[in-house]
Amino acid sequence: MPPIACIDAGSTEVSVVLTLQLPMSVLAMTYPVQTDSIVNISEEKLEDWISEISNQLIGRLKSKLLSHDCTALIGLPAIYFGTEIDDLLAENGDRHNLYFDIDGEACGCIISTEIFDDAPSFSLSDNNIELMAEGEIELF
């Protein structure tokens, strides 16, 4: 069973859990550092890579929420092996299942969202929130 990266983000209005399941072969093919061969990439590096991909995805979601005046805090990604995705998602959350094919390998991303307010107000703000560009890293 392929590894699952799981990461969450939340605010007073919304909670989001993102799971990403990618086969090791896909992780090796997409690994950003060039090597002699994809078989030379350690499992530890591939686990870090799926964590980074999930972190980038939740970061993009955080940026979208910021543009609607919703500040979310992001958790740290965790890696699971032999775990069912349903065990990682919120029971009351709305699920958004995304499945795709990469070089003949099945990959999946499931996003679970839970809204705490009956009618959250996500509006584009007129204030000057500095959004990070894709690929930038925010340490503090």
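When reading the values below, keep in mind they use all heavy atoms of this one structure, side chains included, and skip hydrogens, waters and symmetry mates.
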Notebook entry, point to check: Are side-chain heavy atoms of V26 and C107 found at a separation under 4.5 Å?
Noted result: yes

Check: Are the side chains of F116 and V14 in touch, meaning some heavy atoms are under 4.5 Å apart?
Finding: no

Next item on the list: Report the distance from atom CG of N92 to atom CD of E114, rounding to the nearest 0.5 Å.
Entry: 5.0 Å

Notebook entry, point to check: Excluding sequence neighbours, so at least two apart, what forms side-chain hydrogen bond (donor to acceptor under 3.5 Å, both in side chains) with E105?
Noted result: S25

Next item on the list: Any chance you could measure I102, atom CD1, to L27, atom CG, to the nearest 0.5 Å?
Entry: 9.0 Å

Check: If you group Ile, Leu, Val, Met, Phe, Trp and Tyr by side-chain heavy-atom gaps below 4.5 Å, do I74 and I53 land in one group?
Finding: yes

Check: What distance separates D48 CG from I50 CD1, expressed to the nearest 0.5 Å?
Finding: 11.0 Å

Notebook entry, point to check: Quick one: do Y31 and L57 end up in the same hydrophobic cluster if we chain Ile, Leu, Val, Met, Phe, Trp and Tyr together by side-chain heavy atoms under 4.5 Å apart?
Noted result: yes

Margin query: Checking the side chain of S63 only, and the main-chain atoms of G59 only, is there a donor and an acceptor separated by less than 3.5 Å?
Written below: yes

Next item on the list: Can you spot which of T19, L22, I7 makes a side-chain contact (heavy atoms from CB on, under 4.5 Å) with S54?
Entry: I7

Note to self: Measuring from atom CG of L65 to atom CZ of R60, what distance do you get when rounded to the nearest 0.5 angstrom?
What the structure shows: 14.5 Å

Notebook entry, point to check: At their closest point, which heavy atom of E13 faces which heavy atom of C70, and how far apart are they?
Noted result: OE1-SG, 3.4 Å

Check: To the nearest 0.5 Å, what is the distance between CD (E47) and CD (E43)?
Finding: 6.5 Å

Notebook entry, point to check: Is it true that L20 and L46 fall in one hydrophobic cluster, defined by side-chain heavy atoms closer than 4.5 Å?
Noted result: yes

Notebook entry, point to check: By side chain to side chain contact (heavy atoms under 4.5 Å, CB included), which residues pair with D94, not counting sequence neighbours?
Noted result: H96, T113

Check: In the hydrophobic clustering (ILVMFWY, side-chain contacts below 4.5 Å, transitive), which residues join M1, or is it alone?
Finding: none

Margin query: Once side chain to side chain contact (heavy atoms under 4.5 Å, CB included) is applied, do any residues pair with K64, and if so which ones, sequence neighbours excluded?
Written below: none

Margin query: Could you report the tightest heavy-atom contact between P2 and Q21, atom names first, then the distance?
Written below: O-NE2, 3.3 Å

List, one per line, each side-chain donor-acceptor pair under 3.5 Å for residues 78-86, sequence neighbours excluded.
from	atom 1	to	atom 2	distance (Å)
D86	OD1	R95	NH1	2.2

Notebook entry, point to check: Per the side-chain contact (heavy atoms from CB on, under 4.5 Å) rule, which among I115, I111, D8 passes with V16?
Noted result: I111

Notebook entry, point to check: Should the heavy atoms of other residues, nucleotides or ligands under 6.0 Å from CG of L98 be counted, would the total exceed 12?
Noted result: yes

Note to self: The criterion is side chain to side chain contact (heavy atoms under 4.5 Å, CB included); which residues satisfy it with Y99, sequence neighbours excluded?
What the structure shows: N97, I110

Check: Under 4.5 Å between side-chain heavy atoms, hopping through other hydrophobics if needed: is there a path connecting W49 to L76?
Finding: no

Next item on the list: Would you tell me whether E44 and S42 have side-chain atoms, one donor and one acceptor, within less than 3.5 Å of each other?
Entry: no

Check: What's the spacing between C109 SG and L18 CG if we round to 0.5 Å?
Finding: 4.0 Å

